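Here is the structure we will look at.
Numbering of ligands and ligand atoms starts at 1, following listing order. Predicted model, so just to flag it, every value in this text is computed and none were measured.
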Amino acid sequence: MALNGMVGISNSSRYTHLAIRKAPAVLILIFLLLPGVFSHAAPGNHPSKTAPSTMPSTNVILFIGDGMDEHQITMARNYLYGADGAFAMEQMPVRSSVQVHTLREDNPNQFRYVADSANTASTLATGLLTSKGRISTSAVKNINQETILEAAQKKSYRTGLVSTASLTDATPAAFATHTSHRNCRTTKNMSVINRSVGKTQQCALDLKSHGGSGSIAEQLATANIEVLLGGGMTPFNQPVENHDKGQPHILDMALNQGYLLINQAEELSITGYTSKLLGLFANKHLPVEWRGEKNQLAEKITTDNKGNAVFPTPFSCTTNPHHQGIPTLAQMTEQAIQLLSHNNQQGFFLMVEGASIDKQAHRRNPCGQIGELRAFDQAVAIGRQFAQQQPNTLIIVTADHGQAGQIVPLPESYQAASKAVHMAQYPAGHYAVLKTLSGELMAVNYATNSSPQGKWEMHTGTNVPAYMEGPGLDGVPALIDQRDINQLMRRHLKLH
Ligand SMILES: [Zn+2]
């Protein structure tokens, strides 16, 4: 369904860890004290902070819960708030169900019914469909497709990307870079043949020396985005393609573009940053907030010597010690909004991704994904607070595709069925019984990959939700697709 068919849519302190790479401490201090360095005029293309205006700024915040379909939301909600609970995002006033479309690379006239984060984030970013693995390029022809972030920059909006993944991961990458495949993160290995895809999606096509746009990390470093917060120090430390002495590493490219680099959570809470900010808080993806007691994951059901199913012991979720010292998604979102909105008459586009709802579902880690969904919703709450003060802010919360976790019956139900048919009955795949915060039991399973060697669950092909709040949402249909979300955002920012 295309949005054009919609009826009634409005036209509408310390600085002890400052990690400036290879810069001596004295230079760091000089950098911080130089008044011109922090001038808004220098790094950004946004209007002067002294420009008089009585108009409220126009803002879009797009929250993407990776893999966050209704089943993953319900699992987390049941665990955290019980059967009658609700997340902050579920209290937003407008709600649609979103179809997820994926073209076949080998025949773009046909669809696949299971997507990945690359093609779906590309559609949210560009408003156009493409094939699996692609980063804002067209299927087969590999033509760059303009993203909403790029269009917003042309109209002098400030922009930001925040993620719990490496910033070179598919979702943030799709808003500001263009490659034939999500694996083209750095120049390393871009010349090596990727046997999982065909000729039209080889990263060699994207090398600058072959007329391409370069690696994802190189493109991000030069995309003039005011705020970049997430993981990914390792890819930013990779060499630049055909580098010169001035910028041997991709991080040098970013610093040469006027970024201040931080990598400690306490640096994030410092106010007054007015340069472009690059926060890289882990080498790859950020550690997740929660894990199972004793690191327990869902597991395969076995049978005893009498043929009865042996169900796993129920467990609760606990905090992950590896997350200590890592900023939360809510903290990163709050700082991004503060930087993007400060003295900004025009407005901003911000994308915030809760990346590891998906990554933990792949690993059959129910506590991991519940903790990440909780963290994502806390970030949404920060966005909603801002929108209360700045009513010309459109907030859309959605997911890119479905995941494998589902709520299934408790062991007692399988045991009763076993007695009835005199044969062991038990769930497929991997299974866990969680002791929820309200003391009830909830069983979940993951059953998209049962190979003994298969350590990785697959995505699923369900619709995903969209929760929306802000102006211009009258008449949004109950069923939309991901292109429509792009259209709603473009319309709000008047990018048509
Ligand atoms: Zn995934």
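- When only modelled atom types and interatomic distance are considered, T462 and T460 share no side-chain donor-acceptor pair under 3.5 Å.
- With hydrogens and angles left out, the side-chain atoms of K455 and N449 include no donor and acceptor closer than 3.5 Å.
- The N, O or S atom of H362 with the smallest distance to the Zn ion (ligand 1) is NE2.
- For a distance bound of 2.8 Å, the N, O or S atoms of H401 include none lying that close to the Zn ion (ligand 1).
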Does M489 form a side chain to side chain contact (heavy atoms under 4.5 Å, CB included) with F349? I'd like the steps, not just the answer. CA-CA 9 Å; M489 298 188 296; F349 170 80; 4.0 Å; yes
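- D358 lies close to the Zn ion (ligand 1), since one of its N, O or S atoms is found at a distance under 2.8 Å.
- Partner of S117 under the side chain to side chain donor-acceptor pair (under 3.5 Å) criterion, out of K359, H401, H459, K132: H401 alone.
- Sorting the N, O or S atoms of H459 by how far they are from the Zn ion (ligand 1) puts NE2 first.
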